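Values below: all heavy atoms of this structure, side chains included; hydrogens, waters and symmetry mates excluded. Nothing here was measured: the structure is a model prediction, and the numbers come from that model.
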Amino acid sequence: MAFAKKALAAAVLTVAATSASAALELVQTQTGSHGYAATIWTQTLSFDLFNPANFDGRSLQRVELELTGSSRTTYSFTPTSSSIIAADGKFGALINADVTIGSNDLDILIRPGKTDAITAPVAQGTTYDFGLQEGSGADSKQATDAANLAAFTGSSTFDVNLASYADISFNAVGGNYTSEQTAEALAQFTVKYYVEELPPAASVPAPASLALFGLGLLAMSRKRKAA
């Protein structure tokens with residue numbers, strides 16, 4: 001009988017006393033964007049801080065910030081004194097996101113662009129057009145330290161200041177030249193908040209199941225004694 005009682009108690013404790021470390025749950029995503037617009041441009045985006053009152057009082061555990069961007073540029077040049085025998089360049093934009101709260105290392109900079117080169121010499125007085133050059137880029141930061149999590153917690157908002165500039169470099173071998181260029185950029189900024197995932201409800205056996213389990217153990221105990 002003592003064997004049956006111990007086995008039954010152990011079974012109940014095994015069911016009721018299991019626990020695991022909590023995973024993180026994404027509870028809020030916010031996104032803002034600007035563009036396409038001709039560079040130079042600036043834009044301020046506003047986002048809500050994490051408010052525990054909206055999430056059953058759970059505290060913020062991680063913040064993820066992501067900047068994605070695209071560029072569209074055109075570039076053409078015309079040799080004015082002699083032929084250009086070789087030329088290449090990178091055509092794109094520089095996009096910066098200045099996060100106005102938290103530590104300075106949360107700011108993000110990307111440089112979407114595309115490289116290209118001429119395939120044959122360009123004679124004096126002839127215009128060479130690289131055509132539409134499109135590029136894309138992305139980068140992200142995350143914060144899990146107490147100071148940054150506290151900065152992103154509250155009931156108000158914070159700003160992210162976006163700025164974009166043309167990012168074009170051109171190298172030519174030969175004579176002098178004139179050039180024309182255009183540049184546009186698009187930027188999107190995303191903020192994500194994570195909290196601890198709620199543990200699943202404990203699974204407790206029904207009384208009838210426990211009773212049958214106990215009777216089985218009791219029968220096993222009697223067989224042991226009879227043996």
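Under the side chain to side chain donor-acceptor pair (under 3.5 Å) criterion, Thr157 pairs with no residue at all, not counting sequence neighbours. Scanning for side chain to side chain donor-acceptor pair (under 3.5 Å) contacts around Thr115 gives an empty result, with sequence neighbours left out. Checked against side chain to side chain donor-acceptor pair (under 3.5 Å), Asp105 has the following partners two or more places apart in sequence or in another chain: Ser103.
Sorted by first and then second residue, the salt bridge (charged side-chain N to carboxylate O under 4.0 Å, His left out) pairs with a member in residues 151-170 read Lys90-Asp167, Arg111-Asp167; sequence neighbours excluded.
Ring-centre distance between Tyr193 and Phe50: below the 6.0 Å cut-off.
Inter-residue side-chain proximity for Leu109 and Leu94 is flagged as met; some heavy-atom pair is nearer than 4.5 Å. Put simply, the side chain of Thr190 does not reach to within 4.5 Å of the side chain of Leu67, judged on heavy atoms. Within the 4.5 Å cutoff, the side chain of Thr42 has no heavy atoms near those of the Asn161 side chain.
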* Asked: Could you walk me through whether Ser155 and Asn51 pass the side chain to side chain donor-acceptor pair (under 3.5 Å) check?
  -> CA-CA 5 Å; Ser155 57; Asn51 188 346; 5.2 Å; no
* **Worked verdict on Arg72 versus Glu184 for salt bridge (Lys or Arg N to Asp or Glu O under 4.0 Å)** => CA-CA 5 Å; Arg72 297 192 303 210; Glu184 296 180 323; 3.0 Å; yes
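Leu149 and Thr153 make their closest contact through O-OG1, 2.7 Å (heavy atoms, listed as atom of the first residue, atom of the second, distance). Of all the heavy atoms in Gly174 and Ser82, the pair that sits closest is C-OG, 4.3 Å. The two residues Ala97 and Leu162 have their closest heavy-atom pair at CB-CD2, 3.7 Å.
In this structure, Leu65 CG and Ile108 CD1 are separated by 5.5 Å, a value rounded to the nearest 0.5 Å. To the nearest 0.5 Å, atom CG of residue Leu24 and atom CZ of residue Arg62 are 5.5 Å apart.
A salt bridge is absent between Glu64 and Lys141: the closest approach of a Lys/Arg side-chain nitrogen to an acidic carboxylate oxygen does not fall below 4.0 angstrom.
Atom CD of Glu180 is surrounded by 12 or fewer heavy atoms from other residues, nucleotides or ligands within 6.0 Å.
In the hydrophobic clustering, where aliphatic and aromatic side chains (Ile, Leu, Val, Met, Phe, Trp, Tyr) are joined below 4.5 Å either directly or transitively, Tyr36 groups with Leu186.
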Donor-acceptor list for residues 121-131 side chains, cut-off 3.5 Å, not counting sequence neighbours:
unit_1	atom_1	unit_2	atom_2	d
Gln124	NE2	Thr80	O	3.1
Thr127	OG1	Thr78	OG1	2.6
Asp129	OD1	Gly131	N	2.7

